[in-house]
Amino acid sequence: MHAIGIDIGGTKIAGALVDEAGNIIRSDRTPTSAGDPAEIEDAVVAMIRNLSEGEDVIAAGVAAAGFIDAAQSTVYYAPNINWRNEPLRKKLEARLDLPIIIENDANAAGWAEFCFGAGRNYSDMVTLTIGTGVGGAIVSRNRLFVGGFGVGAELGHLRLIPNGLPCGCGAHGCIEQYGSGRALLRISNEFADAGGIGLGLAAARARTGTLTGVDVSALIQAGDGGALAALRQLGGALGQACASLAAVLDPQVFVFGGGVAVAGELLLEPIRAAYLDNLPARGYHPEADFTTAQLVNDAGVVGAADLARKHVIEQ
């Protein structure tokens, strides 16, 4: 019952042969040629063939950022690759003697956490991946939610602040502008500009002229007041969003992944506090658990493989 998972990122394509328990048997990776869809397709085909060699593989799943249809077949739109209404599943199956499914990368990672990671003891889960942007995944009653057209769970584009900061999606005030790694850098620079508790951030910025995520992370771990204040502000925005999500989805657990989530309890504490402050009918509304992701960089390939296996079994 082995399956292959492929995760197409902005800089690399990762692949793995995965068993039914979510264990990676062997893996592979190659740089991504983001400007050349045909080259990416060739690389995915070569990787699947390489990982399949000598193995009894029942399916392969391909995870990529973008809008994927509900049939797990067509990429409506990919932000980093020139795919527009791309029949990727059809193209790959024409070259591989193997059933293929295509899935959004955040959905694949969230499914892996649900099945094998931080969400495995729950039936209803929301995952928020806090990276450059904010990715999302929803599991409801043990099933991955994708919506009527397949493009649901774009949680980073939940409207948080009316007429707020402009977002790359074309809207204003999205949670991605207040709760992402990019937002953490913006907030940190604001503290650096203000002086006071931001002096440590200002000093880090002065060394190279630019404040980086590595700088902020190091200052957070060192207990720097400005960096911790920036993280608390970020957590407050995320917690407010979680309260709104709870009113609609009623998850039992929120799982946070991505680079910012390595802060662990330093991030979760302000998220919980803002969630409780904004939770409808607090005191009578059951309260969700909050935790960080466990599979980290392997989540995309493991989730894509398991979704492909599930697709074949349910046919």
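Numbers here simply count residues along the sequence, with the first being 1.
Linking Ile, Leu, Val, Met, Phe, Trp and Tyr residues whenever their side-chain heavy atoms come within less than 4.5 Å leaves Val296 and Val262 in two separate clusters. At a threshold of 4.5 Å between side-chain heavy atoms, the hydrophobic network of Ile, Leu, Val, Met, Phe, Trp and Tyr places Leu201 and Ile197 in one connected group. Note on Leu219: it does not cluster hydrophobically with Val214, by side-chain heavy-atom contacts below 4.5 Å among ILVMFWY residues. The hydrophobic clustering, which links ILVMFWY residues whose side-chain heavy atoms are closer than 4.5 Å, places Leu295 and Leu17 apart. Hydrophobic clustering places Leu185 together with Phe191 (ILVMFWY residues linked when any side-chain heavy atoms are closer than 4.5 Å, directly or through intermediates).
Using a 4.5 Å heavy-atom threshold, the side chains of Leu92 and Ile102 count as touching. Leu228 is not listed as a side-chain neighbour of Asp224, based on a closest heavy-atom distance of 4.5 Å or more. Residues Asp289 and Gln252 fail the side-chain proximity criterion, which asks for heavy atoms closer than 4.5 Å. In this structure, Ile8 and Ile6 have side chains that are in contact, with non-hydrogen atoms separated by less than 4.5 Å. Counting heavy atoms from C-beta on, the side chains of Leu249 and Asp124 never come closer than 4.5 Å.
Contact record, Ala153 with Asn107: CB-OD1, 4.1 Å, taken as the closest heavy-atom pair. Of all heavy-atom pairs spanning Ile68 and Val151, the tightest one is O-CG1, 3.8 Å. Smallest separation of non-hydrogen atoms from Gly110 and Thr127: CA-OG1, 3.9 Å. Taking both residues in full, the closest heavy atoms of Ala171 and Cys174 are given as CB-SG, 4.0 Å, listed atom of the first, atom of the second, then distance. Gly181 and Val260 make their closest contact through CA-CG2, 3.8 Å (heavy atoms, listed as atom of the first residue, atom of the second, distance). Between Ala112 and Ala299, the shortest heavy-atom contact is CB-O, 3.3 Å.
Between the Asp69 side chain and the Thr74 main chain, a donor and an acceptor come within less than 3.5 Å of each other. Of the possible polar contacts, one joining the Ser188 side chain to the Leu184 backbone as a donor-acceptor pair under 3.5 Å is found. Distance alone, capped at 3.5 Å, places no donor-acceptor pair between the Glu103 side chain and the Ala63 backbone. In terms of modelled atom types and a separation under 3.5 Å, the side chain of Ser27 and the main chain of Ala16 share no donor-acceptor contact. When atom types are taken as modelled, the side chain of Arg309 and the backbone of Ala304 share no donor-acceptor pair closer than 3.5 angstrom. Glu93 places no side-chain N or O within donor-acceptor distance of the main-chain N or O of Pro99, the cut-off being under 3.5 Å. For the pair Arg84 (side chain) and Ala78 (backbone), a donor-acceptor distance under 3.5 Å is present. Remark: side-chain polar atoms of Thr30 are not paired, donor with acceptor, to backbone N or O of Ile13 under 3.5 angstrom. The main-chain N or O of His2 is never found under 3.5 Å from a side-chain atom of Asp19 such that the two would form a donor-acceptor pair. Remark: the backbone N or O of Ala183 is not paired with any side-chain donor or acceptor of Gln177 at under 3.5 angstrom.
The existence of a salt bridge linking Arg205 and Asp215 is excluded, since no basic side-chain nitrogen approaches an acidic carboxylate oxygen closer than 4.0 Å. Ionic pairing of Glu154 and Arg159 is not present here: no N-O contact between side-chain nitrogen and carboxylate oxygen is shorter than 4.0 angstrom. Taking 4.0 Å as the cut-off between side-chain N and carboxylate O, Glu265 and Arg272 count as a salt-bridged pair. Comment: Glu113 does not engage Arg120 in a salt bridge, judged by the lack of any side-chain N to carboxylate O separation of less than 4.0 angstrom.
Atom CZ of Arg182 is separated from atom OG1 of Thr132 by 6.0 Å, given to the nearest 0.5 angstrom. Distance check, rounded to the nearest 0.5 Å: CZ of Phe256 to CG of Leu267 gives 6.5 Å. The CZ atom of Arg186 lies 5.0 Å from the CG atom of Leu165; values are rounded to the nearest 0.5 Å. With rounding to the nearest 0.5 Å, the separation of SG in Cys169 from NE2 in His157 is 5.0 Å. The line from CD1 of Ile4 to OG of Ser52 is 3.0 Å long, rounded to the nearest 0.5 Å. Summarising the geometry, atom CG belonging to Leu88 is positioned 8.5 Å from atom OG belonging to Ser73; distances are rounded to the nearest 0.5 Å.
Residue Leu155 forms a side chain to side chain contact (heavy atoms under 4.5 Å, CB included) with just one option from Thr129, Ile175, Leu245, Val134, and that option is Leu245.
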Test side chain to side chain donor-acceptor pair (under 3.5 Å) applied to Arg141 and Ser123, step by step: CA-CA 5 Å; Arg141 287 292 179 242; Ser123 65; 3.2 Å; yes
Residue pair Ile161, Asn163: steps toward the side chain to side chain contact (heavy atoms under 4.5 Å, CB included) verdict: CA-CA 6 Å; Ile161 306 294; Asn163 302 313; over 6 Å; no
Criterion side chain to side chain contact (heavy atoms under 4.5 Å, CB included) on Cys115 and Val302, from CA distance to verdict: CA-CA 10 Å; Cys115 292; Val302 171; over 6 Å; no
Residues Arg282, Asp277; criterion salt bridge (Lys or Arg N to Asp or Glu O under 4.0 Å); working and verdict: CA-CA 8 Å; Arg282 180 180 177 183; Asp277 285 345; 3.8 Å; yes
Residues Phe116, Asn23; criterion side chain to side chain contact (heavy atoms under 4.5 Å, CB included); working and verdict: CA-CA 9 Å; Phe116 309 111; Asn23 300 308; over 6 Å; no
Working for side chain to side chain contact (heavy atoms under 4.5 Å, CB included), residues Leu238 and Ile130: CA-CA 10 Å; Leu238 290 168; Ile130 315 303; 3.9 Å; yes
Salt bridge (Lys or Arg N to Asp or Glu O under 4.0 Å) between Glu269 and Arg232, intermediate numbers included: CA-CA 8 Å; Glu269 188 278 328; Arg232 285 194 295 271; over 6 Å; no
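The other members of the hydrophobic cluster of Phe114, by chain and number, are Ile101, Trp111, Tyr122, Met125, Val139, Leu144, Val146, Val253, Val255, Leu307 (side-chain heavy atoms under 4.5 Å, ILVMFWY only).
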Side-chain atoms of residues 42-49: list all donor-acceptor pairs with protein atoms under 3.5 Å, sequence neighbours left out, distances to 0.1 Å.
residue : atom : partner : partner atom : Å
Asp42   : OD1  : Arg95   : NH1          : 2.9
Asp42   : OD1  : Arg95   : NH2          : 3.1
Arg49   : NH2  : Arg95   : O            : 2.9

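Other residues, nucleotides and ligands place more than 12 heavy atoms under 6.0 Å from the CG atom of Asn85. For Asn142, the CG atom counts as densely surrounded, since its 6.0 Å shell holds more than 12 non-hydrogen atoms of other residues, nucleotides or ligands. The neighbour count for Phe149 CZ, taken as heavy atoms of other residues, nucleotides or ligands under 6.0 Å away, does not exceed 12. Annotation: Glu53, atom CD; neighbour count of heavy atoms from other residues, nucleotides and ligands within 6.0 Å does not exceed 12.
You'll find the ring centres of Phe290 and Tyr275 inside the 6.0 Å limit.
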